[in-house]
Amino acid sequence: MSIVWAGSGLAQEPPKVLSFFDGSAVHVRWQGIPSKDITGYRIYRDDNGKWKKVQDTKRLVNNGQIKKTVGAKSDLFLKLAGARSAESDFTDKLYEELIANEEAYQFFGALTVLNVEMAEAMGEYVKLDAKSFSGTLKLKLVYLTGRDETEIAVFSVPLASSQTISPPANTTATAQNGSVTLRWDAYSSNDPSIVGFYVYRSPRLLGPFNRVNSTGIVFEAIGEENEDDVYVDDYLNNGTYYYYVTYYSVFGLESEPSEVIKVTLTEDSELDPVINLQASGELGVTHLTWDSTINKQAFEVARSTDRFGDYTTVYPPSSRLEFNDFSYYDRTAEEGQLYYYFVRTFNTRDTFTTDTISFMLADNTPPNPPTGVKGTVSKEGAVSITWNKNPESDILGYEIERFTGDSGTNNFLLTSKPLAITSFSENLGRKSQSAYRYVVYAIDNSYNRSKGSEPIRLRRPDDIPPRTPGITYVMLTDSVVRLRWTPNLEDDFKEYSVFRKTGNGALIKHKTLSTNSLTDTLSQAGDYTYSVSSSDFDNNESAKSESHTLSYVPEFSLISPTNGQAIDSSGGIFIRWTASKSANVSGYLIERKKKGSDLVQLVKEHTSGEMIYLDQHVKSSGSYTYFVTAYDKKWNVSAPLVIEYTPKSR
C-alpha cells in the first residue's frame, strides 16, 4: 500500500517514515511496499551502538485477527480489499489481486491513511512504549523478504517533550442555500502526518458537539491560488449552529479544537435541475456523470435492480456526509447485473429527481470450475456423470467434454447447449473397450466459460482377463532374488501380482507392482517359488504364469555361540562359551590365530557337548585370537564367535 500523506500544503516528497511522541509512547507509521514477496517489517532500537530488535509487524491474514484489530470497520476493510464476504481471510491471492489493480489499491490506501487500526492490520503502524527512555530514541525500520532484511530508514525521535498538533486557525463560517461553508487557514506546519480534519457541530454553544464528517476527510490537493481549507455542511434546516474543527493525523490522534464559530441559516434559494445523467464502465466500475450549474448543490444517488421496485441510496451513505461532485463511481456494482439509477438534488425547501437510466457492466469474469465430479459406466456402456452445483448466482448451465484415451487427445464437446442440471448421461455401446476422460465446464449468463473440472476416467467394464505374463529372467545373488516378466501393453492394464510360496506351502500374493520386475530379499534358508499374474481396471485377473523355484542357503545359517571368554591356565589357555541357540547343532570348530600372524589353524573339532576347551599347545604368555563356529550335520555353519586372549602383565 503506497500511503499518500496528503494535504499538508507542502509540495514536497513525504518522508518514508513518520513518528510522533505523545509523552508516553512513540507512534511510528510508514509507507507499505506493495509486493507479495515482502513478509513483514521490523523495528530496531539503537542500544549503545548495537541494533536491538524491538518489534516485528506483518499484514494480518486471519479474519478473526483482522476483526480484533480493525473493529467495527473490519467489514469495510475486507470489502475494499476484495474479499467475497465479511468472514473471508485476507489471503495472499487477494493481496496480489489488490496491488495489481492500481485504482482499487489507491482507494484502499487512502482508507488506511485515515484509519490507524487498518494500517496496523497491514503491518504499517506500531506503538512503542517509551516511558523507560529519555533523550533521543534512535530507530531503524527494515522490510523482510523471508530471512533477508532491507533497510527502509533510520530516524530519531526526541523524547524531551511530548509533541502536539496545532489546531486550525482563523476559522470562519458562511451560510447559503441550506448549507454552511467553513474555512480556516491552510495548514502551515511541517508535520506531514496531518492527513485530514474533523468538523464538529452543535445547536448550542455549550454542546454537546457531534462530529459531522464521521469517517474523516482527506485533504484535497491545494494549489497556490488556495489560501484556505474548506468544508461544506449540507442538508441543514434553518436555525443557528455552532462549529469547531480539529486536525486528524495518521496516528489516529486529533489536535485541540479550533475556536467555536456561530452561524445562522435562512431560507434556501431555488434548486438548479440535474441534467445529462449518463453511465459508463471504467476498469470494472460503473461511473455516473451529470451536469448542474450550481457548484455546491447537494446530490444523492439511488440504485435498484428492479426499475419499478425499491431504490436504495448508495451515496452518500449518511445524511451527515456531503456529496456535491458531478460524478459517482459505483464500486459495488456486480458484473452482468442490470442496475437502474437516478440522481436527486434537494435543499430544505425543494427536491429534484432525474429520469431513471439503466446500465450493466460487461461480465468478463468466468465462473469457478465445477467440483465433485463423479461417474460410472455399466457393463452395457451406459455412462452416468454427476457434479456439485456451482455457487455463483449467474450460472447459465454446464458443458461436458470427452477426451479419448489416457493421453487426453481427440476432445469432443458432448453438449449442444449448456445443461441446466448437474448430471449427464450417454451410451458408449456394448463393444466399446476404449478409456475416456470427461471434463465439466460451468457457463455463466454472459457465456464466460470456467476452467475445466478435474477430469474423471471412465471405461466400460469387461470380463476378459489380461494376458498371462511370462517370466523371462530369474537370478538369486546372495539373498536377493531378481525377477522380470513380459510387460502388459493392454489399454486397461492396472497392475501385476507376484505370488510366492516357501517350501511346501501354498502360493500367496506377495507383492503388487506396476512395473514388470521384482527385487526380493530373502531372510531365511529354504526353497522359494514365484509366479506372476496381471489385473485390469475392471479387476479381471489373468492366469498365473509358470512358476520358478529357487533354493536359498545362506552363508551363515546357524546362530553363533555367545559369551566367549579366554582364561590364563597353568596348563595352557582355557576358553569357554555359551551354546548356539540353533537346533540340531552337531558340534563346534575351534580355530586359533597368533597375534601378528595371518595363519588361522584348526585346533579342535569339539563334539563332546561341553562348551569349554583347554588349549595345551600354547603358552599363556602369548597373545591369541580364537574363533568358535557352530555346525550341523549338513555342514551349515554360523558366523564365528571371536574370543581375544591377552596375557596379564607380570
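Bear in mind that the values here come from a model prediction, so they are computed numbers and not experimental data.
- Closest approach of I194 to S249, counting heavy atoms only: CD1-CB, 3.9 Å.
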Walk me through whether L288 and I357 qualify under side chain to side chain contact (heavy atoms under 4.5 Å, CB included). CA-CA 10 Å; L288 299 180; I357 65 170; 4.2 Å; yes
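- For the residue pair T136 and S156, no side-chain donor N or O sits within less than 3.5 Å of a side-chain acceptor on the partner.
- At least one donor-acceptor pair closer than 3.5 Å links the side chain of T57 to the backbone N or O of G123.
- A distance of 9.5 Å separates CG of L396 from OG of S446, quoted to the nearest 0.5 Å.
- Note that CZ of R147 and OG1 of T39 are 11.0 Å apart. Values are rounded to the nearest 0.5 Å.
- A distance-only check finds a donor-acceptor pair linking the side chain of S258 to the backbone of V245 [under 3.5 Å].
- In this structure the side chain of L78 reaches within 4.5 angstrom of the side chain of N63, judged on heavy atoms.
- Taking the six-membered ring for Trp and thresholds of 30 and 60 degrees, F90 and F77 have ring planes more than 60 degrees apart, a perpendicular arrangement.
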Give the C-alpha distance, both sets of side-chain angles, the deciding distance and a yes or no for side chain to side chain contact (heavy atoms under 4.5 Å, CB included) between E254 and I165. CA-CA 7 Å; E254 284 187 74; I165 304 173; over 6 Å; no
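- Heavy-atom neighbours of D355 CG from other residues, nucleotides or ligands within 6.0 Å: at or below the threshold of 12.
- Not a single donor-acceptor pair under 3.5 Å links the side chain of D129 to the backbone N or O of A25.
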Which is it for E103 and R331 under the salt bridge (charged side-chain N to carboxylate O under 4.0 Å, His left out) test, yes or no, and what are the steps along the way? CA-CA 11 Å; E103 183 180 7; R331 302 179 186 276; 3.7 Å; yes
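- Without hydrogens or angle criteria, Y241 side chain to V180 main chain gives no donor-acceptor distance under 3.5 Å.
- Using a cut-off of 4.0 Å between Lys/Arg side-chain N and Asp/Glu carboxylate O, E149 and K53 are scored as not salt-bridged.
- A heavy-atom distance below 4.5 Å is not found between the side chains of Q31 and V17.
- Closest heavy-atom contact between F21 and A130: CE1-CB, 4.0 Å.
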Please evaluate residues Y247 and L253 with respect to the criterion side chain to side chain contact (heavy atoms under 4.5 Å, CB included), reporting the C-alpha separation (whole Å), side-chain torsions for both, the decisive distance (0.1 Å), and the verdict. CA-CA 8 Å; Y247 283 129; L253 305 174; over 6 Å; no
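- Taking 4.5 Å as the limit, some side-chain heavy atom of V232 sits within range of a side-chain heavy atom of S179.
- Contact check on R303 versus D330 returns a salt bridge, with a Lys/Arg side-chain nitrogen under 4.0 Å from an Asp/Glu carboxylate oxygen.
- Defined by atom type and a distance below 3.5 Å, a donor-acceptor pair is missing between the side-chain atoms of Q278 and T289.
- Rounding to the nearest 0.5 angstrom, the gap separating the CZ atom in R59 from the OH atom in Y41 is 10.0 Å.
- The two residues P366 and D444 make their nearest non-hydrogen contact at CA-OD2, 4.5 Å.
- Between Y341 and Y339, the ring-plane angle classifies as tilted under the 30° and 60° cut-offs.
- A centroid separation of 6.0 Å or more is found between the aromatic rings of W290 and Y328.
- Here the CG-CG distance, from D56 to L144, works out to 6.0 Å after rounding to the nearest 0.5 Å.
- A tilted orientation is assigned to the rings of F251 and Y125, their planes being inclined by 30° to 60°.
- Ion pairing of D89 with R84 is absent here, as no side-chain N (NZ or NE/NH1/NH2) approaches a carboxylate O to less than 4.0 Å.
- Of the possible polar contacts, one joining the S85 side chain to the E87 backbone as a donor-acceptor pair under 3.5 Å is found.
- Checked by atom type and distance alone, the side chain of N115 never pairs as donor or acceptor with a backbone atom of E117 at under 3.5 Å.
- Paired with W184 under the rule side chain to side chain contact (heavy atoms under 4.5 Å, CB included), one option of N170, T171, I261, V230 passes, and it is T171.
- The 12-atom threshold is exceeded at CD of Q337, counting heavy atoms of other residues, nucleotides or ligands nearer than 6.0 Å.
- Between D363 and D394, the closest side-chain pair of non-hydrogen atoms falls below 4.5 Å.
- Here S193 contributes atom OG and Q163 contributes atom CD; the two are 8.0 Å apart, rounded to the nearest 0.5 Å.
- Contact check on D233 versus R201 returns a salt bridge, with a Lys/Arg side-chain nitrogen under 4.0 Å from an Asp/Glu carboxylate oxygen.
- Comment: K36 does not engage E96 in a salt bridge, judged by the lack of any side-chain N to carboxylate O separation of less than 4.0 angstrom.
- Atom CG of L205 has more than 12 heavy atoms from other residues, nucleotides or ligands within 6.0 Å.
- Heavy atoms only, all atoms of each residue included: P203 and Y242 are closest at O-CE1, 3.7 Å.
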Working note: D47 + W51, criterion side chain to side chain contact (heavy atoms under 4.5 Å, CB included); need CA distance, chi angles, decisive distance, verdict. CA-CA 6 Å; D47 186 9; W51 290 112; over 6 Å; no
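- Residues I443 and Y398 have side chains not in contact (no heavy-atom distance under 4.5 Å, counting atoms from C-beta outward).
- Ring geometry, F209 versus Y244: the interplanar angle falls from 30° to 60°, so the pair is classed tilted.
- At least one test fails for R307 against the ring of Y340: distance under 6.0 Å to the centre or angle within 45° of the axis.
- Using a 4.5 Å heavy-atom cutoff, the side chains of V54 and Y44 are not in contact.
- Y311 and F342 have tilted rings, their planes meeting at an angle from 30° to 60° on a 0 to 90° scale.
- Once rounded to the nearest 0.5 Å, the distance linking CD1 of I275 with CG of D291 reads 5.0 Å.
- No donor-acceptor pair under 3.5 Å is formed between the side chain of Q55 and the backbone N or O of R42.
- Using a 4.5 Å heavy-atom threshold, the side chains of V70 and K67 count as separate.
- Taking 4.5 Å as the limit, some side-chain heavy atom of D22 sits within range of a side-chain heavy atom of H27.
- Here the closest heavy-atom approach between residue P370 and residue Y441 is recorded as CG-C, 3.9 Å.
- In this structure a side-chain-to-backbone donor-acceptor pair under 3.5 Å is present from T91 to L94.
- Contact between P257 and P167 at its shortest, heavy atoms only, is O-CB, 3.7 Å.
- A donor-acceptor pair under 3.5 Å links the side-chain atoms of N213 to the main chain of V199, judged by distance alone.
- Put simply, the side chain of S304 gets close to the backbone of D306: a donor and an acceptor are under 3.5 Å apart.
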